[in-house]
Amino acid sequence: MRERSRIQTLGDVTFVLACVAIVVAVVVREVRRPAPATVSGPPARYLTQWHALLEKAVIIGPEGADVYVVEFGDLQCPACRTFHRTLRQAMATYPNTVAFAFLHFPLPQHPLAVPSAHALECADAQDAADSFIDVLYAKQDSLGLKDWDSFAIEANVPEPQRLADCIADHQPPDRVTEGQQLGSILGIQFTPTVLVNGWWFPAPPDSTTLVNAIQAIVEGRSPFENYEVNDAGLR
């Protein structure tokens with residue numbers, strides 16, 4: 001009787017171990033499953049004249065990059081702050097390949113969006129847009145509560161007082177107005193609106209989706225299974 005009980009217990013242990021092995025195998029398979037080569041879902045668009053957008057953008061990253069992530073953004077927009085972290089991760093993955101082109105599209109419901117866009121342009125005049133936009137997003141909750149020169153000091157802008165004086169000129173720089181005009185021409189409806197080398201995402205991409213798209217472009221492939229060609233008549 002005791003022997004039969006021992007055999008049954010051994011059988012139960014074996015069964016449990018087999019179940020655990022199956023679960024582990026499934027988890028490992030899911031972890032190791034390669035990322036999809038293309039992005040599925042709602043149709044994307046391809047903007048044939050996308051290079052024209054770069055002329056009106058704040059450019060951050062390597063000059064003459066192979067891949068440009070173009071964003072119509074609002075510096076007071078929480079979703080834009082979230083995407084900025086995603087973008088920075090992608091740029092770190094492809095440090096010599098990817099550049100960031102930021103187009104101003106301040107939304108009317110964000111009263112500090114236009115002043116923030118103005119501030120970014122003033123920082124760019126001192127070649128400090130790269131660090132300044134990071135600080136603006138990181139300290140987004142402090143917009144309107146801190147002086148602009150405080151943001152400038154945190155971002156290591158060479159001349160913080162010069163930036164503050166630049167912002168004191170309340171006339172928005174041309175690129176702020178031009179970004180809004182381009183967004184209206186293209187029918188931009190939300191921020192962030194993201195394009196990568198002209199491929200226009202139907203929704204802001206997460207980290208995996210963005211990296212997959214960049215990799216496809218680097219390899220000379222379309223990043224989308226479904227897309228429509230869009231010629232907005234940009235010049």
Side-chain angles (χ1 to χ4, degrees), residues 26-47 50 53-54 57-105 107 110 113 116 120 129-141 143 154-155 179 183 186 188-228 230:
V26 170
V27 170
V28 169
R29 184 183 64 188
E30 289 299 316
V31 169
R32 292 181 177 177
R33 180 176 293 175
T38 56
V39 179
S40 59
R45 282 177 279 177
Y46 179 73
L47 187 65
W50 68 272
L53 301 177
L54 302 182
V58 177
I59 305 294
I60 294 170
E63 185 176 351
D66 294 327
V67 178
Y68 282 89
V69 178
V70 178
E71 176 194 351
F72 281 87
D74 172 319
L75 294 165
Q76 198 182 352
C77 161
C80 295
R81 176 178 58 188
T82 298
F83 174 71
H84 191 70
R85 291 193 290 266
T86 297
L87 170 67
R88 283 304 196 183
Q89 291 170 2
M91 292 180 73
T93 302
Y94 298 89
N96 301 313
T97 302
V98 176
F100 173 36
F102 183 83
L103 286 152
H104 299 287
F105 198 71
L107 300 174
H110 292 150
S116 298
L120 180 60
D130 193 341
S131 59
F132 195 75
I133 195 170
D134 286 348
V135 170
L136 282 182
Y137 278 130
K139 306 290 184 178
Q140 192 180 67
D141 293 341
L143 290 175
E154 289 189 56
L186 295 174
I188 301 299
Q189 297 180 351
F190 59 83
T191 59
T193 291
V194 179
L195 302 86
V196 180
N197 277 25
W199 297 99
W200 186 335
F201 288 77
D206 60 21
S207 181
T208 300
T209 301
L210 182 60
V211 167
N212 284 346
I214 291 169
Q215 185 61 36
I217 291 169
V218 168
E219 295 174 359
R221 299 183 286 106
S222 166
F224 291 97
E225 294 177 348
N226 304 304
Y227 65 91
E228 304 167 353
N230 184 301

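Quick note: numbers below take in every heavy atom, side chains included, and nothing from hydrogens, waters or symmetry partners. Note that the structure is predicted; figures quoted are calculated from it, not measured.
To the nearest 0.5 Å, atoms CZ (R88) and CD1 (I60) are separated by 5.5 Å. Within the model, atoms CZ of F100 and NE2 of H84 stand 6.0 Å from one another, a figure rounded to the nearest 0.5 Å. Rounding to the nearest 0.5 angstrom, the gap separating the CZ atom in R81 from the CG atom in L75 is 12.0 Å. Atom-to-atom distance recorded for W200:CH2 and L186:CG is 4.5 Å, nearest 0.5 angstrom. With rounding to the nearest 0.5 Å, the separation of CZ in F72 from CD1 in I188 is 5.0 Å. L87 contributes atom CG, which lies 12.5 Å from atom OG1 of T82 (distance to the nearest 0.5 angstrom).
Here the closest non-hydrogen pair linking P205 and L210 is CB-N, 4.0 Å. Considering every non-hydrogen atom in both Y68 and I59, the closest pair reads CE2-CG2, 4.2 Å. When all heavy atoms of A203 and F190 are compared, the pair lying nearest together is CA-CZ, 4.4 Å. Annotation for A99 and A65: closest pair CB-CB, 3.6 Å, computed over non-hydrogen atoms. Here the closest non-hydrogen pair linking N197 and V67 is OD1-CA, 3.3 Å. Heavy-atom minimum distance, C77 versus H110: CA-CE1, 3.7 Å.
Heavy-atom neighbours of Q189 CD from other residues, nucleotides or ligands within 6.0 Å: at or below the threshold of 12.
By the 4.5 Å heavy-atom criterion applied to side chains, F83 and V69 are counted as neighbours. For the pair P223/I217, a side-chain contact is recorded, criterion being any heavy-atom separation below 4.5 Å from C-beta on. The shortest side-chain heavy-atom distance between Y94 and Q215 falls under the 4.5 Å cut-off.
In this structure, D74 contributes its side chain and L107 its backbone to a donor-acceptor pair below 3.5 Å.
Ring geometry, Y46 versus W199: the interplanar angle falls from 30° to 60°, so the pair is classed tilted.
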